[in-house]
Amino acid sequence: MNINRKSPVRQMLNIKMTEMNSHGHIMNIYFEADLEHFVKGREFSACNITRTGAAGVLLAINNRDRWCYHVSYDFEGGETAAHFSEERCREVIQKAIDLPDLQVKILSVLPWEAAEKVAEQFQQDRVFLIGDTVHLMPPTGGYGANTGVQDAHNLAWKLAAAVHKAASPELLKTYEAERRPVAQMTVSEAGRVADTGVFSAMKKQTEKRTSPFDDLIVSVGYHYESKAILKQDAAPSSLGHFELKGRLGTLAPHIWGEYQGRECSTLDLLGLGFVLFVGEKAEGWEDAAKYVSGQFGVKINTYSVGHNGDFIDKDHGWQNAYQAKEKSVVLVRPDGFVCWRCEEHIDQPTLTLEEVFAQLLGKKRA
């Protein structure tokens, strides 16, 4: 795997980046200056400064004496980091903060571009790319690191299943199928936020782009479409539709309940293999899960949900949050996404679950 922003690995594989938009070139000035007494009690992460001739964004490293100032520069006109001498950087910072006598020590000066880019491929043979190497976006919205973590979270369990021979290599192809559309949506949304002018170091678009998304959709409301999501219908859903109700391809919803005498969330039960949530009147699924687990070599934890279940649901959260019934069965992947569900009684749950995992993992039973 490779997560380097410039990604020599991606370049060696000749995987190109599709440039969607650019919001200008920024100089990152990392410096030391004692500003603690100005911000004490009013600490911040980022401060937008709009002073003419020194507009930019001041980022707090420790809210004491370490800071980073982002200011735009004329890349098209030939400006480079070499044009930003210590003296010029010092003057820019002093003017921006309006302290002409401020003692400033310049630690580094680095250029970067506030660009929207997505790689044309996220995988080539046995090489998988994640993070900045496959999607670059303006920092507006704070989506960049989260998106890289989502990539890794999506890929990790699939790699583990393939390496341990529980799944065929076909499962690995679903990484790009699932993550690339989400990355494109996230990059576009970060660019839209940049267009609003919230980040003063960036150039502003004359025509602001509207968005069908919001922070919640970008962070947790996105969904996946791939062979690792066993659909009951072929109708694709819009990425801009936010609904965490146990719908296929979405993150499993949170509900509070009681498990083994402790209050916990359904989310506390996820992450250590597959999870099968079953309604109180859904019969035979625990035995089916044990059998299928042995046949495929994957971990499947089963929890009955209801007033008298393994997971005690006192407030009908199961029915409301998961749009579930007493006979509903919901299968959740190790990364927390719902990948299969059924609502009615199944006469042969073992056979049904075998078929589900054969399709999901792209592999026949042992």
Are [X] and [Y] near enough that their ring centres are under 6.0 Å apart?
{"X": "F274", "Y": "W157", "result": "yes"}
{"X": "Y222", "Y": "F337", "result": "yes"}
{"X": "Y69", "Y": "F31", "result": "no"}

Checklist entry - Are E258 and R262 within salt-bridge range, i.e. N to O under 4.0 Å? => result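 No.
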
Checklist entry - Got a salt bridge between K173 and E170, using NZ or NE/NH1/NH2 to carboxylate O under 4.0 Å? => result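 Looking at E170 together with K173, the answer is yes, because their closest N to O distance falls below 4.0 Å.
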
Say whether [X] and [Y], considering side chains only, have a donor N or O and an acceptor N or O under 3.5 Å apart.
{"X": "Q103", "Y": "D34", "value": "no"}
{"X": "E113", "Y": "H23", "value": "no"}
{"X": "S265", "Y": "H254", "value": "yes"}
{"X": "T18", "Y": "K117", "value": "no"}
{"X": "S328", "Y": "E343", "value": "yes"}

Ignoring hydrogens and angles, tell me if any N or O in the side chain of [X] forms a donor-acceptor pair with the backbone of [Y] under 3.5 Å.
{"X": "D313", "Y": "H307", "result": "no"}
{"X": "R66", "Y": "E32", "result": "no"}
{"X": "N62", "Y": "R64", "result": "yes"}
{"X": "D310", "Y": "S304", "result": "yes"}

Closest non-hydrogen atom pair, [X] against [Y]:
{"X": "H83", "Y": "R88", "value": "O-NH1, 3.2 Å"}
{"X": "V220", "Y": "L251", "value": "O-CD1, 3.3 Å"}
{"X": "R341", "Y": "G246", "value": "NH1-O, 2.9 Å"}

Checklist entry - Say you draw a straight line from CG of L58 to SG of C47; how long is it, rounded to the nearest 0.5 Å? => result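 These two atoms lie 6.0 Å from each other.
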
Checklist entry - Shared ILVMFWY cluster between Y30 and W67, side chains joined below 4.5 angstrom? => result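 They do not share one cluster, since no chain of ILVMFWY contacts under 4.5 Å joins Y30 to W67.
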
Item to check | Hphob cluster co-occupancy, V305 + W256, side-chain heavy atoms under 4.5 angstrom | outcome: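 Cluster IDs for V305 and W256 differ.
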
Checklist entry - Are there more than 12 heavy atoms of other residues, nucleotides or ligands under 6.0 Å from atom CD of Q348? => result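 12 or below, so no.
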
Measure the acute angle between the ring planes of [X] and [Y], then classify it against the limits of 30° and 60° as parallel, tilted or perpendicular.
{"X": "W285", "Y": "W340", "value": "tilted"}
{"X": "F122", "Y": "H135", "value": "tilted"}
{"X": "F277", "Y": "Y303", "value": "tilted"}

